[in-house]
Amino acid sequence: MSFRNRPVLDRKHRPRWQDELRTQQLVVAGFAMAIAVAVGIFAAAAWSDFYQANLRQAALVGGVQVERGELQTRINILSAELQATAADLSTQGGGVRDQVIQQQLQTLQTAFSQIDQQGADSLVTGKLLDQLAAQYGLSVPDDALDAKVAARRSIPERRQLSLIMASPKKDEGAAADAKPTDKNWADAKERAEDIKAELDGGGDFAAIARERSDDASKSVDGLLGWVQADDAQYGDYFSAAADAEVGAVVGPLKSDSGWYLLKVDDLHPAGENQALKELLSSNAISDETYRDYLRQQLLRDRYQEYFSDTVVTRYQPQRHVSQIRIENDKGAVPVPKHRIRHLLVAPLPGKDDQSAATAAQWHTALHKARELRREAAKPNADWTKLAKQSDDPGSKANGGVLGWYDLAELGTTFVPQFANAVATLDVGEVSQPVRSDSGYHIIEVTDERTSALDFAQQIADQLTDDPDSFASVAKAKSEDTLSASDGGDLGWVIHYQLDAALDKAVFDLTEPGQISAPLVSGTQIYIFKLDETAEHRFVPAKRRESVISSGFSRWIQQLKDQAGVWIDPEFAVPSTPAA
């Protein structure tokens, strides 16, 4: 059996259909590849968007990552609460409370503009407090959380009230600070009873309020607006009318302002906060997530109690310190400046316009100015005392100090006579009386500097060599008028009374007489002197209450710093410069 050789295909004579088939196969393959690439690009873009929106790190709390998706959920909760509050306020218009409502709406608008930062701070702080709760023995009871959730998800009963007030009228000729007599109160009650009788006889409440009420609400026909039980201003009125029906008039009743009558114009019963419910639902906020948010709020309250009871105790380590405060340069590049103070003698003291002064009055003013100049030019002259005789109300309480000025800008700040006189003075030189349209000025350039920090360093170096001169230097150089008049004395200081940087600077001082290095804090530069130390000293109740109120946020920030909390700068709350 023999085999014939397989014929070889002659490509030049290949059928056309085969070429077309191959071309189609190549097109299909290329199209499929293009689709695969497009799908890959789309998937990569979708994954990138998902990652950026949900999985990208937004913060780090005690080594635990906070993802953006979780942060967005917290932002959505805060946004829902703000919107629900705004919607609720918008239904409460009318009456004297309108201005308060508008202020509250403006506050909400400001909060909306900072919602991302506030959301990050809320979430990060909540997570940190959760992590440290066991360490401090703090927790939130279920019944407290249940009550919080119920209160937040509901709207309280509100009553729309109108008021007529009959205030006691003091006797003619009575002193301004005299209290109304019993007869004045009896007369006020009689007027209120007369008004009540008129109302019972069909009198129009709005018209009578407009004509006869002694309350500011008379300008809006006595309408107070919508009031609820916890209203800071009108809560007592709500209680007085709590059982009255719509249309009823309550009173006369007595308050600190007089005898009053209330009318219940309308009533909104307590009920579910439907706006909040819908907003939470539309943002897919589960009940569990919302409860956890409120639990963290309550936990923060527990920390506040801990701070009050355990951290800011009645007996604490304290430092008795004095300070000098210098205002820092505002611009990026310091400008050489001179510090100026003056005394003013006006021919017409207490008058803004001196143009009506006679020649004799100007002569008398000049004579007084010369006498003041002689006292001011004496070595160690007490300008604080002399300034009490000055006719410049803006500087007399500050020893006549006007502040630091760039000599090149004097002409745009002061009248020409004053500016020209300053330009001719050396540091420490006191001018002769300089006349302007305001009167006669006695001017001194007390200091010059290239920068505020250099000036503060010079003061600190001087005080390090001579700590006993601190009081006199503070009186002459410090820009804190309150403490400068007392030689810079701040009294006893406890932890969290000052901001973190100043607190550290004060408690780093260990030896009486020790002077701190200049410390820049916000817009100010501080120099401290340690006068005394006490490791266990009683804290007066008023100062303790003040620190409890202002120091809690500083303590929380300290906990964040210790835990190494990091927040993406996109969401970080801008720090507020210390005063």
Side-chain angles (χ1 to χ4, degrees), residues 59-66 70-71 73-78 80-82 84-85 111 117-154 156 229-230 232 273 276 280 285-317 494-500 503 539 541-567 571-573 576:
L60 197 66
V61 182
V64 178
Q65 177 174 297
V66 178
E70 189 176 6
L71 172 57
T73 297
R74 179 57 59 91
I75 291 172
N76 290 344
I77 291 175
L78 296 182
E81 290 202 322
L82 290 174
T85 302
Q117 292 78 12
Q118 297 302 325
D121 182 67
S122 169
L123 182 59
V124 165
T125 301
K127 284 187 170 294
L128 175 67
L129 300 187
D130 275 342
Q131 291 179 4
L132 300 178
Q135 175 182 332
Y136 289 101
L138 302 175
S139 62
V140 176
D142 289 340
D143 57 347
L145 179 55
D146 291 341
K148 179 80 168 180
V149 172
R152 192 64 66 88
R153 285 183 172 275
S154 64
D230 60 354
N273 190 332
L276 178 61
L280 291 174
I285 307 299
S286 67
D287 289 346
E288 181 180 0
T289 300
Y290 189 61
R291 283 178 64 86
D292 192 56
Y293 157 69
L294 295 180
R295 181 191 58 78
Q296 289 183 349
Q297 284 193 339
L298 287 174
L299 185 59
R300 185 185 179 93
D301 293 342
R302 299 295 181 270
Y303 273 85
Q304 177 87 59
E305 295 168 2
Y306 180 89
F307 179 74
S308 172
D309 298 338
T310 307
V311 178
V312 187
T313 55
R314 293 191 301 159
Y315 288 87
Q316 294 185 51
I494 64 175
H495 282 300
Y496 304 106
Q497 181 174 335
L498 306 175
D499 72 33
D503 183 286
V539 182
K542 187 174 181 180
R543 180 149 53 98
R544 184 168 171 264
E545 289 172 4
S546 175
V547 172
I548 288 172
S549 174
S550 64
F552 177 66
S553 60
R554 299 172 195 165
W555 181 58
I556 292 297
Q557 185 58 51
Q558 180 180 318
L559 298 182
K560 290 180 180 178
D561 293 340
Q562 292 172 350
V565 169
W566 173 86
I567 300 177
F571 302 107
V573 178
T576 302

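A donor-acceptor pair under 3.5 Å links the side-chain atoms of Q497 to the main chain of I494, judged by distance alone. Listed for the S122 side chain is no donor-acceptor partner under 3.5 Å among the backbone atoms of Q118.
Sequence neighbours left out, the pairs with a member in residues 122-143 that pass salt bridge (charged side-chain N to carboxylate O under 4.0 Å, His left out) are E70-K127, D130-R295. Judged as a salt bridge (charged side-chain N to carboxylate O under 4.0 Å, His left out), the pairs with a partner in residues 542-563 (not counting sequence neighbours) are, in order, D121-K560.
Residues A563 and L128 share a closest heavy-atom pair of CB-CD1, 3.5 Å. Of all heavy-atom pairs spanning G126 and Q296, the tightest one is CA-OE1, 3.4 Å. Residues G119 and R74 come closest through the heavy atom pair O-CG, 3.5 Å. Across every non-hydrogen atom of K148 and L298, the tightest pair is CB-CD1, 3.7 Å.
Side-chain atoms of Q316 and Y496 include no donor-acceptor pair closer than 3.5 Å.
For the side chain to side chain donor-acceptor pair (under 3.5 Å) test, no residue two or more places apart in sequence or in another chain qualifies with S546. Scored by the side chain to side chain donor-acceptor pair (under 3.5 Å) test, T73 finds no partners at all (sequence neighbours excluded). Residues satisfying the side chain to side chain donor-acceptor pair (under 3.5 Å) test with R291, not counting sequence neighbours, are D146. Legend: residues meeting side-chain contact (heavy atoms from CB on, under 4.5 Å) with N273, ordered by chain and number and at least two apart, are A84, I155, A275, L276. For D301, there are no salt bridge (charged side-chain N to carboxylate O under 4.0 Å, His left out) partners, not counting sequence neighbours. Applying the side chain to side chain donor-acceptor pair (under 3.5 Å) rule to S154 yields no partners; only residues at least two apart in sequence or on another chain are considered. For Q562, the side-chain contact (heavy atoms from CB on, under 4.5 Å) criterion is met by Q558, L559, not counting sequence neighbours. By the side-chain contact (heavy atoms from CB on, under 4.5 Å) test, V64 is found to be paired with Q131, residues two or more places apart in sequence or in another chain being considered. The salt bridge (charged side-chain N to carboxylate O under 4.0 Å, His left out) check on D287 picks up R153, with sequence neighbours excluded.
Taking OG of S139 as the reference point, atom CG of L145 lies at 11.5 Å (rounded to 0.5 Å). Note that OG1 of T125 and CG of L299 are 11.0 Å apart. Values are rounded to the nearest 0.5 Å. Atoms CD1 and CD1, on I77 and I285 in that order, are 4.5 Å from each other to the nearest 0.5 Å.
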Taking only distance into account, with no hydrogens and no angle test, what donor-acceptor pairs under 3.5 Å do side-chain atoms of residues 303-312 form with protein atoms, sequence neighbours excluded?
{"unit_1": "Y303", "atom_1": "OH", "unit_2": "L129", "atom_2": "O", "d": "2.7"}
{"unit_1": "Y303", "atom_1": "OH", "unit_2": "A133", "atom_2": "N", "d": "3.1"}

